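The next block holds one structure in the form of structure tokens; read it before the comments.
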Amino acid sequence: MSKPLNETKPLTEDHQWSAGKHLTLNIPGAPSSTSLSPSPPTLSPPGYLQIGDGCCLQFDFPEHSKGVIVISVGSAALTSELSVHSLDTKVLKVLNVSRAPEGLPDKFLAHIWSGMPGTAPLHLRLKLLESVLEERDDFSIHVVANPESQENGGFAASHFSESPLLYALLPLLFINKCAFGCKVDLEILKSLIKRPYPVLLGIVGQFVLMPLYAYLLSLVLGLSQPLALGLVVTCSSPGGGGGYLYSLLLGGDITLAISMTLVSTLAAVGLMPLSSSLYGRFLGVHQTLHIPFLKIFATLLFIAVPISTGMLIKWRFPQVSKLLLLVIKPFSVVLMVGGLFMAYQMGSSLLNKVLPILVVAGVTVPLVGLMTGYLLAYLLRLPIAQRRTVSIEVGVQNSLLALAVLQLSFPRAEADLSSQAPFLVALSGTSEMLLLVLLHFAYRKLKDNT
């Protein structure tokens with residue numbers, strides 16, 4: 001993962017270039033190190049402290065590796081002391097700092113261990129007795145993913161589309177969406193146009209409150225930049241396509257659910273990049289986010305075309321409409337279970353590497369969304385069915401759209417790391433909604449028997 005440095009010099013005379021263009025340390029008596037290579041040149045200001053020859057402030061280093069950083073202290077006295085701290089210990093840990101072996105009186109060795117991919121700023125402090133000679137925090141280590149780990153269990157959003165089960169479920173999905181079109185009530189649709197309060201509540205919940213929650217949660221949990229951004233982008237996504245499926249099974253308003261999904265997906269064209277960019281700047285991530293407008297348009301078509309077909313069938317072929325309504329619930333349950341199975345299958349390798357703290361975040365996001373949506377609808381005194389629908393639409397995000405945004409926006413290592421968040425949110429949301437459906441069915445059956 002090291003970059004060839006045709007335009008830069010070796011760090012010091014004590015370093016040498018290996019045949020593979022990796023920069024390695026060659027210090028007599030010092031422990032062997034993993035490759036540490038400079039990023040593109042950036043002039044280092046003069047002073048005591050220096051890494052390499054002063055041409056660079058950032059260095060690449062492979063993930064899950066041990067190594068040594070050689071730090072020069074110039075003309076500082078032999079009795080000076082150096083402390084080195086990583087400002088992101090999830091990405092990089094400084095194990096210890098020691099003086100270099102004899103023959104290198106002006107150098108210290110910082111022994112490091114790298115964790116997940118990311119960038120860890122370093123804080124260096126050089127002291128003589130009780131006086132601080134120099135203090136720097138402009139050096140950083142950019143931990144990059146190993147190619148082997150990408151090949152053996154790496155995660156990519158495209159794997160989801162390669163699942164054979166997806167193609168088996170597509171016909172059921174299309175028929176099910178047509179059946180939902182048969183459930184649309186034109187009178188309710190007209191009333192929503194006149195009084196769009198539930199739809200506006202969904203917009204506020206999805207694009208204002210949920211991204212704010214994701215940002216605050218990432219600060220509380222101390223998530224690294226890629227994970228925090230992945231969580232924010234996920235919570236900035238529109239309602240998921242399964243929202244109206246859950247509304248059907250949980251006694252919500254189907255017409256409202258379909259309307260909210262369509263409107264929020266359309267609004268995502270402007271509000272999703274706005275929200276993601278705002279919180280990305282707060283998190284210190286300045287990369288440009290690429291919003292997949294074609295995917296958003298495809299999502300709109302995938303929802304609108306079969307539902308419109310179902311509405312047409314209801315109008316022209318009422319008998320066919322009755323048959324479709326008979327299969328809507330069993331098909332919905334099959335699709336829920338199939339989607340959950342695909343999600344677990346898709347992330348089997350990822351689940352072995354995910355941080356426990358991120359699992360906590362993934363579990364809480366759908367729950368907070370459900371409660372937020374219901375509270376907003378309750379305060380507006382909406383009917384029970386509409387409260388449930390608003391709750392579901394805010395709590396169920398289109399995580400696949402978030403995955404697409406992250407995969408298009410960043411290099412592979414950072415994209416795969418940040419994609420852990422939308423995957424876990426999708427997995428948690430589907431599992432929690434399935435549990436709610438089962439509890440709802442059990443409650444209804446118990447109520448009917450009594």
Side-chain angles (χ1 to χ4, degrees), residues 90 116 155 201-240 242-243 246-247 250 252 260 264 272 275-276 278-280 282-283 285 336 339-340 343-344 346-347 350-379 387-403 405-406 417-440:
K90 296 184 181 65
M116 66 175 65
F155 169 73
L201 283 182
I203 297 295
V204 172
Q206 289 163 336
F207 297 108
V208 178
L209 299 181
M210 291 307 294
L212 176 61
Y213 171 73
Y215 172 68
L216 295 177
L217 183 63
S218 66
L219 294 182
V220 171
L221 298 181
L223 298 180
S224 63
Q225 285 183 343
L227 295 178
L229 184 65
L231 192 63
V232 168
V233 171
T234 304
C235 291
S236 301
S237 300
Y246 301 131
S247 290
L250 294 172
M260 290 183 70
S264 66
M272 190 177 181
S275 174
S276 300
L278 174 65
Y279 289 106
F282 289 162
L283 292 168
V285 182
M336 282 183 63
L340 188 60
Y344 277 110
M346 173 188 174
L350 182 65
L351 290 175
N352 296 325
K353 301 179 181 180
V354 71
L355 295 174
I357 199 69
L358 189 61
V359 176
V360 174
V363 170
T364 62
V365 165
L367 293 176
V368 170
L370 290 169
M371 291 187 291
T372 300
Y374 195 89
L375 179 61
L376 290 174
Y378 175 80
L379 293 175
R387 292 180 195 175
R388 293 176 179 176
T389 297
V390 173
S391 173
I392 292 167
E393 288 296 315
V394 176
V396 179
Q397 283 81 26
N398 190 337
S399 298
L400 283 180
L401 189 57
L403 283 170
V405 171
L406 296 170
L417 182 62
S418 60
S419 294
Q420 290 180 356
F423 169 75
L424 284 172
V425 169
L427 191 60
S428 300
T430 305
S431 303
E432 290 164 14
M433 293 307 299
L434 182 58
L435 179 60
L436 279 177
V437 169
L438 294 175
L439 291 175
H440 178 73

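Being a predicted model, the structure only gives us computed values, none of them experimental. Atoms considered below: every heavy atom in the structure, side chains included; atoms not considered: hydrogens, waters and symmetry mates.
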Do Met272 and Val233 have side chains that get closer than 4.5 Å, going by heavy atoms? yes
Just so I know, are the side chains of Met433 and Leu250 near enough to count as touching, which here means a heavy-atom distance under 4.5 Å? yes
Do Leu370 and Leu436 come close enough that some side-chain heavy atom pair is under 4.5 Å? yes
Atom CG of Leu227 and atom CD of Gln420: how far apart are they, to the nearest 0.5 Å? 5.5 Å
Tell me whether Gln206 contacts the main-chain N or O of Glu393 through its side chain, where contact means a donor paired with an acceptor under 3.5 Å. yes
Contact summary for Gly205 and Pro211, nearest pair of heavy atoms: O-CD, 4.5 Å
Looking only at heavy atoms, what is the nearest atom pair of Ser399 and Val425, with distance? OG-CG1, 4.1 Å
Atom pair OG/OH of Ser218 and Tyr279 - distance to nearest 0.5 Å: 10.0 Å
Any chance you could measure Ile357, atom CD1, to Ser224, atom OG, to the nearest 0.5 Å? 12.0 Å
pair Met210-Val365: side-chain heavy atoms closer than 4.5 Å: yes
How far apart are the closest heavy atoms of Ala377 and Val390, and which atoms are they? CB-CB, 4.1 Å
Taking atom CD1 of Ile392 and atom OH of Tyr374, what is their separation to the nearest 0.5 Å? 11.0 Å
Counting N and O atoms only, with roles assigned by atom type, does the side chain of Ser391 sit under 3.5 Å from a partner on the main chain of Arg387, one being a donor and the other an acceptor? no
Taking atom CG of Leu358 and atom CG of Leu231, what is their separation to the nearest 0.5 Å? 7.0 Å
Can you run down the side-chain hydrogen bond (donor to acceptor under 3.5 Å, both in side chains) pairs that involve residues 358-372, sequence neighbours left out, and say none if there aren't any? Tyr213-Thr364
Closest non-hydrogen atom pair, Ala361 against Leu221: CB-CD1, 3.8 Å
Specify the closest pair of heavy atoms between Ala402 and Pro422, including all atoms of both residues, with the distance to one decimal. CB-CB, 4.0 Å
Nearest heavy atoms of Ser275 and Ser236, plus distance in Å: OG-OG, 2.9 Å
Could you check if a side-chain atom of Leu217 sits within less than 4.5 angstrom of a side-chain atom of Val368, using non-hydrogen atoms only? no
Straight-line distance of Cys235 SG to Tyr215 OH, nearest 0.5 Å: 14.5 Å
